[in-house]
Amino acid sequence: MPFLKDAVTLVKEPQQLPSIPLSWFPPSVFAAFNVTLLLFLSGLFFGFPCRWLVQNGEWAFPAITGPLFILTFFSLVSLNFSDPGILHRGSTKEDPMTVHVVRVNQRAFRLEWCPKCLFHRPPRTYHCPWCNICVEDFDHHCKWVNNCIGHRNFRLFMLLVLSLCLYSGALLVTCLTFLIRTRHLPFSLDKGMAILVAVPAAGFLIPLFLLLLIQVLSVSRAESSYESKCRYHPEYNPFDQGFAKNWYLAMFAPLGPNYMSEVVCLQRPVGTAWIQEKTKPSPPRRPKHCRPGPPGPQHQPRRVPGKGPPGSGEAAALQEMRRLPASVEKSPGGPRQPTAEPAAGDP
């Protein structure tokens, strides 16, 4: 296509990561361990240092850390079971040699063929080797939640990172405040639990803050983590529409249809009554362009004597004629054949 090369620049998608056959059990156990760790540390915090502060009239700390814990726990569990934007598999009838080219801001993208999912991937859609699925607007695979981060759950991921940063900071400040307030008291179980909570909170705070900063920069430039790692846009990013528009599209714009939910609805089991109703033959319909003509003589099918349809009266009339005498009545006009009255139903 010489005219296409003159108008736009063809861009080849980066090569996919090698497929690594991994068992589903260890990643799932690790994700469940993270949820358990959050509940365990939160229980220690609310049961020991936070309880002491409440007993001494410090109600501001649980009023801040409580909603943050609920928000963090909700976003973590929701992200574990969320749909990242999975595109269901194609058909073996698809031709992998067919070339599909789409344009985005005067740049042409050749849709790459996915040999695992059997379809041509849209731009910014990549195959995750850990989940073995193609994800729309693939960002990365998060091992902490054992799920991909893509078009449909990127907002939940940003909410989780932000809530974890705020919650870890609140835990650290509250534990330090408790240790300062009780420095004149001897060492107790409350102080030990406060130190046990403050150490992991401080350890997670710095990496989470750096991750949040990286994601903010990526959203501002309309570039995913996978594209940044592969240097997908060396010249310019055709998906970059400005700071404000990029944030609107990433965080507030409508998500569009959920492809997997429609597939699940199509594959739901149905009962025998539904199958019989759907497979029942329907009466033939007259085409819309055919209109009934003016009334006139209709063509009658040719009937064979003695073989009329049941209830027509033709066979009964022939039997009645056979019962008549063989002699015929004479008339001036010649012999007259015996006749029988037509039975009911004859035309």
Side-chain angles (χ1 to χ4, degrees), residues 17 24 27-39 42 67-87 122-171 200-201 203-230 232 237 239-240 243-261:
L17 297 174
W24 62 270
S28 302
V29 171
F30 182 67
F33 169 76
N34 295 326
V35 178
T36 306
L37 180 63
L38 175 64
L39 294 175
S42 300
L68 288 177
F69 164 72
I70 296 175
L71 181 62
T72 303
F73 181 76
F74 168 76
S75 57
L76 179 61
V77 175
S78 300
L79 190 60
N80 274 275
F81 300 99
S82 62
D83 173 24
I86 303 174
L87 300 181
R124 316 193 86 176
T125 299
Y126 306 103
H127 189 89
C128 177
W130 291 275
C131 299
N132 196 26
I133 54 176
C134 277
V135 179
E136 183 182 9
D137 291 347
F138 178 77
D139 189 82
H140 68 284
H141 179 85
C142 183
K143 299 181 179 180
W144 294 89
V145 296
N146 190 30
N147 198 359
C148 294
I149 308 301
H151 175 69
R152 302 195 65 85
N153 63 353
F154 182 77
R155 302 173 186 180
L156 271 176
F157 175 73
M158 292 292 292
L159 179 63
L160 175 63
V161 176
L162 178 61
S163 60
L164 278 174
C165 288
L166 297 177
Y167 186 53
S168 300
L171 292 183
F204 283 114
L205 183 59
I206 298 178
L208 286 172
F209 179 77
L210 293 178
L211 178 60
L212 180 62
L213 181 61
I214 293 174
Q215 293 297 328
V216 168
L217 294 177
S218 299
V219 173
S220 302
R221 296 180 299 183
E223 192 173 38
S224 64
S225 302
Y226 183 80
E227 294 171 346
S228 301
K229 180 175 60 177
C230 298
Y232 189 36
N237 185 4
F239 302 98
D240 188 2
F243 179 84
K245 189 66 175 295
N246 292 341
W247 275 95
Y248 168 75
L249 294 176
M251 306 302 296
F252 306 105
L255 293 178
N258 189 345
Y259 305 106
M260 289 308 297
S261 65

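Distance CD1/I149 to CG/L79: 4.5 Å, rounded to 0.5 Å.
In this structure, Y226 and R124 have side chains that are not in contact, with every pair of non-hydrogen atoms separated by 4.5 Å or more. For the pair Y167/L208, no side-chain contact is recorded, criterion being any heavy-atom separation below 4.5 Å from C-beta on. Side-chain contact between D139 and Q215: present, with at least one pair of heavy atoms (C-beta onward) separated by less than 4.5 Å. Using a 4.5 Å heavy-atom cutoff, the side chains of F154 and P84 are not in contact.
By the side chain to side chain contact (heavy atoms under 4.5 Å, CB included) test, L205 is found to be paired with S168, L172, residues two or more places apart in sequence or in another chain being considered. Every residue two or more places apart in sequence or in another chain that forms a side-chain hydrogen bond (donor to acceptor under 3.5 Å, both in side chains) with K245 is listed here: Q241.
Summarising the geometry of N132 relative to H127, their closest heavy-atom pair is OD1-NE2, 2.9 Å, with the distance given to 0.1 Å. The two atoms that bring L68 and T72 nearest to each other are O-OG1, 2.7 Å, heavy atoms only. Pairing each heavy atom of L38 with each of F73, the nearest pair is CD2-CA, 4.0 Å.
A distance-only check finds no donor-acceptor pair linking the side chain of N146 to the backbone of C142 [under 3.5 Å].
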| For L71 and L159, what are the C-alpha separation, side-chain angles and deciding distance, and is it a side-chain contact (heavy atoms from CB on, under 4.5 Å)? | CA-CA 9 Å; L71 181 62; L159 179 63; 4.1 Å; yes
| message | D83 vs N153, test: side chain to side chain donor-acceptor pair (under 3.5 Å). Steps then yes/no. | response | CA-CA 6 Å; D83 173 24; N153 63 353; over 6 Å; no
